[in-house]
Amino acid sequence: MNGNSQHFGGFYSFSRYAFWLITLNFLFIVSNIIALLAFMVFIPSISNALFYFLSLIPTGAACSTTFYLLSLSPDQTDKSLIKTFMKVYRRNFVDVSKVWLPILIVFFLFIIDIQYFQQEYTVFNQAMNGLFLVLLVLLSIFSLYALMITAHFHFRVRDVYRLAVYYMFTKIKVTTGNMAIGFLTLVGMFFISDFIILFIASLVAWFLTINSAPVLEDIKNHFMEKKAINGDEPEVEKGIKTLSSEV
């Protein structure tokens, strides 16, 4: 009887956690509905870049909110997950956008440069194309750190950027893990379907959150007071986000 109770309890916990992830996935997709519509309606081309750019503006806040809630547990959010998601999203939108918009601008500049150098096949163009592809990968990792940090802490924009760069190159294991998660996601999209991301977005974000936990813990331990630290560590402002401060 006791074994059956434990089995039932384990199944209940698993199903509740799965439902929590599915709900977060749904909320993430809904908060990115403008971007989804843009990619479905407009043909991928430079002429439509402005539409893509505008549609992706809310994506930063959607990612940041998802990262934040995934760092909590279902017990802390499942009673009013939809309400909590919307409140965190709305209250953090401006702060996240200050960090996200410059990244998005640079991202599209890199895309335009890549398209430009692909127009004519020369050794120089191929070299430049490869360079911008590498920069695009680095920017993607940088943006992940920036959004993750913004999700959990109140920092100035320049401090978010400095911390993102700092941890990119000091937490190599975390950076490599995030790159592997991103690569496997792209492989799945390539071999299965681009639309698979609609069903596994929260799962991917959950793996990224778990893998990035050491970075968040290190920030909490070392950068929660404004101070100049010897060496290469950047100076930052105090501030940590809690669920009680958001809802």
Where does the angle between the aromatic ring planes of Phe85 and Tyr89 fall among parallel (under 30°), tilted (30 to 60°) and perpendicular (over 60°)?
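Rings of Phe85 and Tyr89: parallel, as their planes differ by under 30°.
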Is the Tyr161 to Phe142 ring centre distance short of 6.0 Å?
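Yes, they do, as the ring centres are separated by less than 6.0 Å.
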Verify whether the ring centers belonging to Tyr145 and Tyr167 lie closer than 6.0 Å.
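When the ring centroids of Tyr145 and Tyr167 are compared, they turn out to be at least 6.0 Å apart.
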For [X] and [Y], which heavy atoms make the closest approach, and how far apart are they?
X      : Y      : value
Val96  : Ser64  : CG2-OG, 3.6 Å
Ala35  : Leu56  : CB-CD2, 3.9 Å
Val99  : Ala146 : CG1-CB, 3.9 Å
Ile192 : Ile196 : CD1-CD1, 3.6 Å
Leu138 : Met168 : O-CE, 3.7 Å
Ile57  : Leu101 : CG1-CD2, 3.8 Å

CA sep, side-chain torsions, deciding dist, call: Ile114, Leu133, side chain to side chain contact (heavy atoms under 4.5 Å, CB included):
CA-CA 7 Å; Ile114 290 172; Leu133 284 173; 3.6 Å; yes
Does any N or O in the side chain of [X] come within less than 3.5 Å of the main-chain N or O of [Y], such that one atom is a donor and the other an acceptor?
X      : Y      : value
Tyr52  : Phe108 : no
Thr176 : Lys173 : no
Asn32  : Pro58  : no
Ser212 : Val215 : no
Asn129 : Phe117 : no
Thr209 : Ser71  : no

Counting only heavy atoms not in [X], do more than 12 fall under 6.0 Å of its [atom1]?
X      : atom1 : result
Met179 : CE    : no
Phe51  : CZ    : no
Ile34  : CD1   : no
Phe26  : CZ    : no
Ile43  : CD1   : no
Phe107 : CZ    : no

Going from [atom1] on [X] to [atom2] on [Y], what distance comes out if it is rounded to the nearest 0.5 angstrom?
X      : Y      : atom1 : atom2 : value
Ile219 : Met148 : CD1   : CE    : 10.0 Å
Ile22  : Asn25  : CD1   : CG    : 8.0 Å
His154 : Asn92  : NE2   : CG    : 7.0 Å
Leu135 : Asp113 : CG    : CG    : 9.5 Å
Leu186 : Phe190 : CG    : CZ    : 11.0 Å
Ser140 : Ile103 : OG    : CD1   : 10.0 Å

Side chains of [X] and [Y], heavy atoms from C-beta outward: is any pair under 4.5 Å?
X      : Y      : result
Phe153 : Leu216 : yes
Leu36  : Leu198 : yes
Trp20  : Leu70  : yes
Leu24  : Leu81  : yes
Trp206 : Tyr17  : yes

Same cluster or not: are [X] and [Y] linked, directly or through other Ile, Leu, Val, Met, Phe, Trp or Tyr residues, by side-chain heavy atoms under 4.5 angstrom apart?
X      : Y      : value
Ile181 : Val187 : no
Tyr166 : Ile172 : no
Leu72  : Ile210 : yes
Val157 : Ile105 : yes
Met189 : Leu184 : no

Starting from the C-alpha separation in whole Å, work towards a yes-or-no answer on side chain to side chain contact (heavy atoms under 4.5 Å, CB included) for Val165 and Arg162.
CA-CA 5 Å; Val165 172; Arg162 292 163 70 185; over 6 Å; no
Dump the intermediate steps for side chain to side chain contact (heavy atoms under 4.5 Å, CB included) on Thr65 and Phe28, then the final yes or no.
CA-CA 9 Å; Thr65 301; Phe28 177 79; over 6 Å; no
Criterion side chain to side chain contact (heavy atoms under 4.5 Å, CB included) against Leu144, the qualifying member of Ile149, Asn211, Leu208
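Between Leu144 and the candidates, side chain to side chain contact (heavy atoms under 4.5 Å, CB included) is satisfied uniquely by Leu208.
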